[in-house]
2 protein chains.
Amino acid sequence: MATNRKMDFLADEIVLADFAKAIAHPARIAILKILAQHKSCICGEIVEGLPLAQATVSQHLKELKSIGLIKGSIEGKTSCYCIDWEVFNQFVNQFGVFAELSQNASCQAQSCC
Amino acid sequence: MATNRKMDFLADEIVLADFAKAIAHPARIAILKILAQHKSCICGEIVEGLPLAQATVSQHLKELKSIGLIKGSIEGKTSCYCIDWEVFNQFVNQFGVFAELSQNASCQAQSCC
DNA sequence: ACCATTTATCGTATATTTGCGATATATAAT
DNA sequence: ATTATATATCGCAAATATACGATAAATGGT
């Protein structure tokens, strides 16, 4: 059981779900907020700002980076991260899909809800 | 290990993460798309439209309902679901938080990324 | 060269999510 | 009342995600 059915869905559904999954944790939301506030690269400050161990924060950063929401680069002894706003906005705009579908809907009946 | 640190975060971070989690699965994205297209209550048609067993779809519907993204009501022999657009839009608007933080940021340095 | 600092990765324990068959429940039709 | 249909819930197996100590790797300072 619990065989992975992910690939039985449409590509854009998977993409949007993966984006949602990337931000589906308060720590990752908090990281994005910190990065947005600083607008540039801080490093161990992210660890300081979160109630989690360094290893855990590093793991969350990796996840955000792997989906492209943040960029990272090594600056000497430290690592710098920042939000890739282009990618971020691209994802957020995806939510417009639902409103579009809603407007094009042929059946407008509102029978029960 | 893996003790739940969720409550160590801010309320709005938890709320946004929970919303993201609710849509962090292609099946639930697909369900929302179907509901948006029909704009009203369909029932077993959701099961028909997905590559998953009825029990599994019912579980996904329950998750979307529990967070308030969809509403459901029983219509005789069938169940009807539809998107709660008020709640949906409320959540989507939350993403504006990041852009706001970014604009208010005192440190605008873009040293590395 | 040695040490302190910073960050990434590994290994592992635990928690949560996902998927589905089986079954319960509720209604409609006969 | 019996049966068929539609949906929800239960119980469990498998898959993923989360958290963190330990440790590795890389750099800068002495």
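A, B, ... follow the sequence lines: proteins, then strands. Residue 1 opens every chain.
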ask   = Which listed nucleotide (D:dA6, C:dA15, C:dG19) is nearest to the side chain of B:T78?
value = D:dA6
ask   = Please give, in whole Å, the distance from D:dT18 P to B:M7 CE?
value = 15 Å
inquiry  = Would you say B:Y81 places a side-chain N or O within less than 4.0 Å of OP1 or OP2 belonging to D:dA8?
reply    = yes
ask   = Just checking A:T56: base, sugar-phosphate only, or nothing, at a heavy-atom cut-off of under 4.0 Å?
value = base
query = More than 12 non-hydrogen atoms from neighbouring residues, nucleotides or ligands closer than 6.0 Å to CD1 on A:I74, yes or no?
reply = no
inquiry  = Just N and O in the side chain of B:H60: are any of them under 4.0 Å from OP1 or OP2 of C:dT17?
reply    = no
query = Between D:dT18 atom C1' and A:L64 atom CG, what is the distance in whole Å?
reply = 14 Å
task = Write down the distance between CD1 (A:I31) and C1' (D:dT18), rounded to a whole number of angstrom.
result = 13 Å
Upstream residue (5' side of DNA chain D) when A:N4 and A:Q54 are each assigned their closest nucleotide = A:N4
remark   = Ranking D:dA8, C:dT14, C:dC20 by distance to the side chain of B:A53, first place goes to C:dC20
request  = Examine D:dA8: is either OP1 or OP2 under 4.0 Å from a nitrogen or oxygen in the side chain of B:S58? Give yes or no.
outcome  = yes
request  = Look at the side-chain N and O atoms of A:R5 and state whether any lies under 4.0 Å from the OP1 or OP2 oxygen of C:dC20.
outcome  = yes
task = Spell out, as yes or no, whether a donor-acceptor pair under 3.5 Å connects the side chain of B:R28 to the backbone of B:K21.
result = yes
query = When the nearest nucleotide of DNA chain C is assigned to A:L61 and to A:K6 on a heavy-atom basis, which residue is associated with the more 5' position?
reply = A:L61
query = Has the side chain of A:Q59 got a donor or acceptor that lies under 3.5 Å from a partner of the other kind on the base of D:dC20?
reply = yes
Hphob cluster co-occupancy, B:W85 + B:I31, side-chain heavy atoms under 4.5 angstrom = yes
key: Nearest-Å distance for atom pair CG/P, residues B:D18 and D:dT18   = 12 Å
message = With a 4.0 Å cut-off on N to O distance, would you call B:D84 and B:K65 a salt bridge?
response = no
task = Would you mind reading off the distance between B:L50 atom CG and D:dT7 atom P, rounded to a whole angstrom?
result = 13 Å
key: Side chain of B:L52 (C-beta onward), nearest among C:dT7, D:dA19, C:dG19   = C:dG19
inquiry  = Distance check needed: D:dA19 C1' versus A:E63 CD, whole Å only.
reply    = 12 Å
key: Any B:S79 side-chain N or O less than 4.0 Å from OP1/OP2 of D:dA8   = yes
Residue closer to the 5' end of DNA chain C, A:K21 versus A:G44 (nearest nucleotide) = A:G44
request  = Specify the separation, in whole Å, of atom CG of B:D8 and atom C1' of D:dC20.
outcome  = 14 Å
key: Aromatic plane relationship, A:H25 with A:H60 - under 30° parallel, 30 to 60° tilted, over 60° perpendicular   = tilted
Min side-chain heavy-atom separation A:T56-A:L50 under 4.5 Å = no
remark   = Between A:A55 and A:I74, the residue closer to the 5' end of DNA chain D by nearest nucleotide is A:A55
ask   = Could you give the NZ-to-P distance, from A:K77 to C:dC3, as a whole number of Å?
value = 16 Å
